[in-house]
Each structure stands twice: as C-alpha cells, then as structure tokens.
Number of protein chains: 2
Amino acid sequence: MAKATTTTDAPFPGVPLTTPLYREVKRQLMDALAGGEWKPGDAIPPERRLAERYGISIGTVRRAIDELVAENMLIRQQGRGTFVASHNRDRLLFYFFHVVPQDGAKEYPVVRLLGFAKAKADKLASEMLQIAIGDPIFRIRNLLSLSGEPVIVDDIAVSAARFPGMAERAFRDRPSTVYNLYQDTFGISVVRTVERLRATTVDHDIAPLLRVAPGAPLLEIRRVALTYSDVPVELRISHVNTAHHEYWSELKQV
Amino acid sequence: MAKATTTTDAPFPGVPLTTPLYREVKRQLMDALAGGEWKPGDAIPPERRLAERYGISIGTVRRAIDELVAENMLIRQQGRGTFVASHNRDRLLFYFFHVVPQDGAKEYPVVRLLGFAKAKADKLASEMLQIAIGDPIFRIRNLLSLSGEPVIVDDIAVSAARFPGMAERAFRDRPSTVYNLYQDTFGISVVRTVERLRATTVDHDIAPLLRVAPGAPLLEIRRVALTYSDVPVELRISHVNTAHHEYWSELKQV
DNA sequence: CAGTGGTCTAGACCACATT
DNA sequence: ATGTGGTCTAGACCACTGT
C-alpha cells in the first residue's frame, strides 16, 4: 500500500476501476473494529502512527477516519485521541430513540421487562435478521414509560446464535440500555438502524398495557438494527401511543 | 482572508474563539447561493478559480465545498464541474418523499389538486412558518395516488408574502413537483425538511378521499420545509393510509 | 511540556468529460 | 487537448488535553 491507487482485478463496466487508497485504509480500520482489535471506548492509534504503519501520508489516514467518524463508528476528540464509538445513554437517546413529547424536551424512557422467551424465527424475523425460518431466537417484550405514563410497547427479536446464553436476568437487572447490553456482554455494536412506520389499530393485548381504548390508533415502528457491514442483529416492533408524543425525523443526506 | 484562522470579536465561553477559514469560505458560498448569484443547475466557478479569488489554497476551497455537498446544496461531477443542487424528480423522490409500498419499489405519486385558498395564519402555521398570526397564507390541498390508489392527502400552507402572486393555476397546470414550482417560479430552494409523525384516526372529510372506513388509523406527518439558513418556507400536514404503504426512515448521524 | 487532533499550504498526478 | 474534479503527498503550524 505504498504509492497511489490500486487497480481491481476484474474490470467491470460501470464499476470504478480503482479504489482510492483512503478507502482501502478505511476498510482495514473497519475490519479491525469488527474484529475487536479496539473495543468501544478504546482509543485507536494516533494518526501519525497509523500513517507510519501503513506507509502513507497523514492526510490520507485522516480521510479514512473522517468517513468512519461520519458513520458514527469513531469519535474524534482534539488533544485526546480518536475513540471507538460507545453506546452511552446520551448517544443512544439522541441517535436511536425518536419518540419525543409533543410539548417538552426529550427524556429518558423507563423500561420494564414484560416477557422473555425462546422461540423459533417466523417469516418476518427470518427475513429481517437474515436467518432461516425456524432458527432459534429470543423474544423480549418491554414497556417504556415517559413522564410516568406508559407510551411504548417494544417487541424485540434477536438470533439466539448471535447472542449465546442470553438470559432473562440480563434484561431484568439491566442498569442501562439494551444496546449497551449487546455491546458490553456480546460485543455487538449497533451502528445504524432502518425503520418503517405505519399507523395501526391497537391490539387487544397491547391496549391495557398502554391504557388506551380498543380501536385507538397506534404508531407501529419496525426497526432493524445493524452492526458493522450492515449485518442485522435485532428486529424491534414498537407500538407507540402518539396521543401526547410523536416520532421525530430529521432527514438529511440519506 | 489571506492566511490562517480569524478571531471572532466577542469571546464567549464554550464557543470556539476561532472560525476555520474553510467555514468562512463556506458561509460566503452559501450567501452567494441564497442571494441567487448562481441558480439551481448552474455550475459554480471551478475550484482553482475560487482558490485564486479568495487567495487561499485549493484544499481549503475543497473543504468548504465538501460540506455544502454533504448538505445537498451542491453536486460535484468529476470532469464537468460543481453545480447548484436542483430539484429534479429523482432527487425529490429520494430525498423528500418517504412513503413506499410495503411490497415493491418506490414510485412517483400522481398528484391531484383538491383545493386552493387564501387564508390567515393560525397558531400552528404562524409558529411553523415563523410569521405572525393572521398573516396572509395560501392553503393547498392535494391528493396523492400510488399505483392508482389514493394514499395521501396533503394540506400545505405557505406564507403569501414569500410566494407573491401564487395562483391556483400554477398548481393545477403544474408539470412537475411543488418544490420545483417553489424553485423555478419563486426562486426558493428547499434544502432540508423536519418531520414529526403521529397515528391518528381518519377525519370525516378525509375518509372518503382515501376511501377508508370511519375510524380507520392514518399516519399523520407534519413537515416543515426549510431553505438556506433554516428559514421555514412550507408547512405540510400529510395523512397517509398505511394499509399498503409505509413511511421509510433511515436515520444516520442526525 | 509532550502528544493529540485540526487547519492550511503548494503542488503533483490521476480520472473523467468535453471540445 | 483542455479543463474539470479526485487523490495523495510532505510538511508547517495551531488548538486542545493531560502531565
């Protein structure tokens, strides 16, 4: 990786023939992240050292890091270093939790575990999690409250293979968020989410949990959480009572 | 703007004391864009010329342009030039239209004008459009169909002062999209949108338009469209029948 | 003070589009 | 052939953090 651009072996029409050096560096950094060489919260080596290691200019290293920072995988702190992104409460609240009060400020939800079960993947779960139908999964149901009022019912499905030995205790005694659990206990970092939203009529088993009348409209959110390289790790179906809350979406450069 | 970083006059704690040169350049480019020096579709001067004009290095110019490209205000095309972003159909479809079929590919909606009226801004419109209550506005109602089925009712409100002489004809005879109308006829470019979503029960006047039964759940989207410098130019309340469609949200680095 | 990321330079060369 | 944006270099200096 000494000089300039590298050429791919198979020249396909329409596909760029060359890969910029900084993208190759980015890929190597991503591999190291996915491989756990540096863990969430760790500092990666300083830019000057990375430049030396790869035998390239510091500007090229910066360019690779720039993209990883833009994708929320790394966090730069001037004077301190560059760190692997970690799921602290604030980061989660602002990046992955989009339900806000219609009046008032964003707040932390209080989570209560309602159910935990082993199950087999149905069609939806198998498609969304990219596993086979019938593969073992865990199903978790949570009730989220805001300002003391129950507002959201979360139904979570994860592959048992990706979360070996997951137990109900982990959810019940959980001091922080689910994504923190994934990260700290199973080494899986959620990097990105894709969500699809619909309006539905409340289900008979959910109505009493959210204290809404039968036939009330609910916002349904189907979220797939992705880790590095867009590998899906969690399917979450949320039902939100939007009487006093709403879903906030600021779409940029998708 | 010759050498390095500039210092702001009022040193406030917490606020950076220096502004990078490339941000100053970015601001000047944004001013030129907002002022109409270059219009949508135009090429801006080449990077080498901008560097010369401002007496700075080309790398610094590129940095400024990079940010404007990331914010969808400029579009780079290698070998051709850098162009002011324009609202062509595809761009609109992918950046501002988030309703997709539950099965199948994204498609263009067919728009039918249902109503056009002068009105006075109510509380919501005045807040969202940052004008005074009672200021003159235009209200437009559109019915959007996908695959021949009516799916969305849009209620649009814009300030009459910002769109002088807007007429019903412009909407009825419209060959392209509303945002194209704003851009081409009034010189207003929508750069960004912020949306809030709720589940509601269908209104009596909307139910027949979407051919849904009374009491059916609808997805309500409140969208504010912003032009340069986050000036709000349009309030749009959409009611979506999500029986066969859904709202698609890929949230990154908000 | 040393070490880190942040900014900026001046230029070379490459890839691509147009003439 | 010319002109555009895209990549990469080698280094200087600044701003910030921690010791």
Side-chain angles (χ1 to χ4, degrees), chain A residues 1-8 11-29 38 42-70 73-85, chain B residues 1-8 11-29 38 42-70 73-85:
Chain A
M1 192 189 308
K3 292 199 280 290
T5 58
T6 40
T7 303
T8 57
F12 269 96
V15 178
L17 289 170
T18 59
T19 303
L21 182 51
Y22 71 86
R23 277 203 196 279
E24 177 56 25
V25 174
K26 178 188 174 189
R27 206 190 54 73
Q28 295 206 18
L29 291 173
W38 312 300
D42 284 0
I44 70 171
E47 298 169 350
R48 287 165 177 85
R49 179 135 68 239
L50 288 173
E52 198 179 326
R53 174 198 294 191
Y54 293 125
I56 60 179
S57 158
I58 196 175
T60 305
V61 171
R62 282 187 63 79
R63 189 98 192 249
I65 293 176
D66 279 344
E67 293 207 347
L68 293 170
V69 168
M73 295 188 189
L74 296 177
I75 295 171
R76 283 215 180 90
Q77 290 185 241
Q78 180 171 153
R80 302 221 312 133
T82 301
F83 301 84
V84 182
Chain B
M1 193 191 305
K3 292 199 278 294
T5 59
T6 40
T7 305
T8 58
F12 270 95
V15 178
L17 289 172
T18 60
T19 305
L21 183 51
Y22 71 86
R23 278 204 193 280
E24 176 57 24
V25 174
K26 177 188 176 190
R27 206 189 55 72
Q28 295 206 19
L29 292 174
W38 311 301
D42 285 358
I44 69 170
E47 298 170 349
R48 288 165 176 83
R49 181 137 65 238
L50 287 173
E52 197 179 326
R53 173 197 296 192
Y54 292 125
I56 59 179
S57 159
I58 197 174
T60 305
V61 170
R62 281 187 64 79
R63 190 97 191 251
I65 292 176
D66 279 345
E67 293 206 346
L68 292 170
V69 168
M73 296 188 191
L74 296 177
I75 295 170
R76 282 214 180 91
Q77 288 186 243
Q78 181 172 148
R80 302 219 314 131
T82 302
F83 300 84
V84 182

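Residue numbers start from 1 in every chain, and the chains themselves are labelled A, B, ... in the order their sequence lines are given, proteins ahead of strands. Keep in mind the model is a prediction, meaning the values are calculated, not measured.
The distance from atom CD of B:Glu52 to atom C1' of C:dG11 is 15 Å, rounded to the nearest whole Å. Between the C1' atom of D:dG5 and the CZ atom of B:Arg76 lies a distance of 7 Å, rounded to the nearest Å. Straight-line distance from the CD1 atom of A:Ile56 to the P atom of D:dG11: 15 Å, rounded to whole Å. Following rounding to the nearest Å, A:Leu50 (CG) and C:dG6 (P) show an atom-to-atom distance of 13 Å. If you take CZ of A:Arg23 and P of D:dC8, they are 10 Å apart, rounded to a whole angstrom. The CD-C1' distance, from B:Glu24 to C:dG6, rounds to 18 Å in whole Å. Between the C1' atom of C:dC13 and the CZ atom of B:Arg48 lies a distance of 11 Å, rounded to the nearest Å. Between the NZ atom of A:Lys26 and the P atom of D:dG6 there is a distance of 16 Å, given to the nearest Å.
With sequence neighbours excluded, the residues satisfying side chain to side chain contact (heavy atoms under 4.5 Å, CB included) with A:Arg27 are A:Glu24, A:Asp31. In terms of the side chain to side chain donor-acceptor pair (under 3.5 Å) criterion, A:Gln77 has no residue partners (sequence neighbours excluded).
With values rounded to the nearest 0.5 angstrom, B:Arg80 atom CZ is found 10.5 Å from B:Ile75 atom CD1. To the nearest 0.5 Å, atoms CG (A:Asp66) and OH (A:Tyr22) are separated by 10.0 Å.
Under the 4.5 Å side-chain criterion, counting only non-hydrogen atoms from C-beta, A:Trp38 is not in contact with A:Thr82.
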Distances for protein N/O vs nucleotides 1-3 of chain C N/O pairs under 3.5 angstrom?
from: C:dG3; atom 1: N2; to: A:Gly79; atom 2: O; distance (Å): 2.9

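Taking every heavy atom of residues 60-68 of chain B and every atom of DNA chain D, pairs under 4.0 Å involve B:Arg62, by number.
Taking the side chain of B:Leu21 as heavy atoms from C-beta on, and the options C:dT9, D:dT9, C:dG5, the nearest nucleotide is C:dT9. Side-chain proximity of A:Pro20 to the nucleotides D:dC8, C:dT9, D:dG5 is greatest for D:dC8.
Across every non-hydrogen atom of B:Leu74 and B:Val84, the tightest pair is CD2-CA, 3.9 Å.
Taking side-chain N and O atoms only, A:Tyr22 has no distance below 4.0 Å to OP1 or OP2 of D:dC8. One finds a side-chain N or O of A:Thr82 lying less than 4.0 angstrom from the OP1 or OP2 phosphate oxygen of C:dG5.
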Would you tabulate the side-chain donor-acceptor contacts of residues 43-52 of chain A under 3.5 Å, counting partners in other chains and residues two or more places apart, or write 'none'?
from: A:Glu47; atom 1: OE1; to: A:Arg62; atom 2: NH1; distance (Å): 3.1
from: A:Glu47; atom 1: OE2; to: A:Arg62; atom 2: NH1; distance (Å): 2.9
from: A:Glu47; atom 1: OE2; to: A:Arg76; atom 2: NE; distance (Å): 3.3

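Over its length, the helix from C:dC1-D:dG18 to C:dT18-D:dA1 turns its helix axis by 10°, as judged from the five terminal pairs at each end, rounded to 10°.
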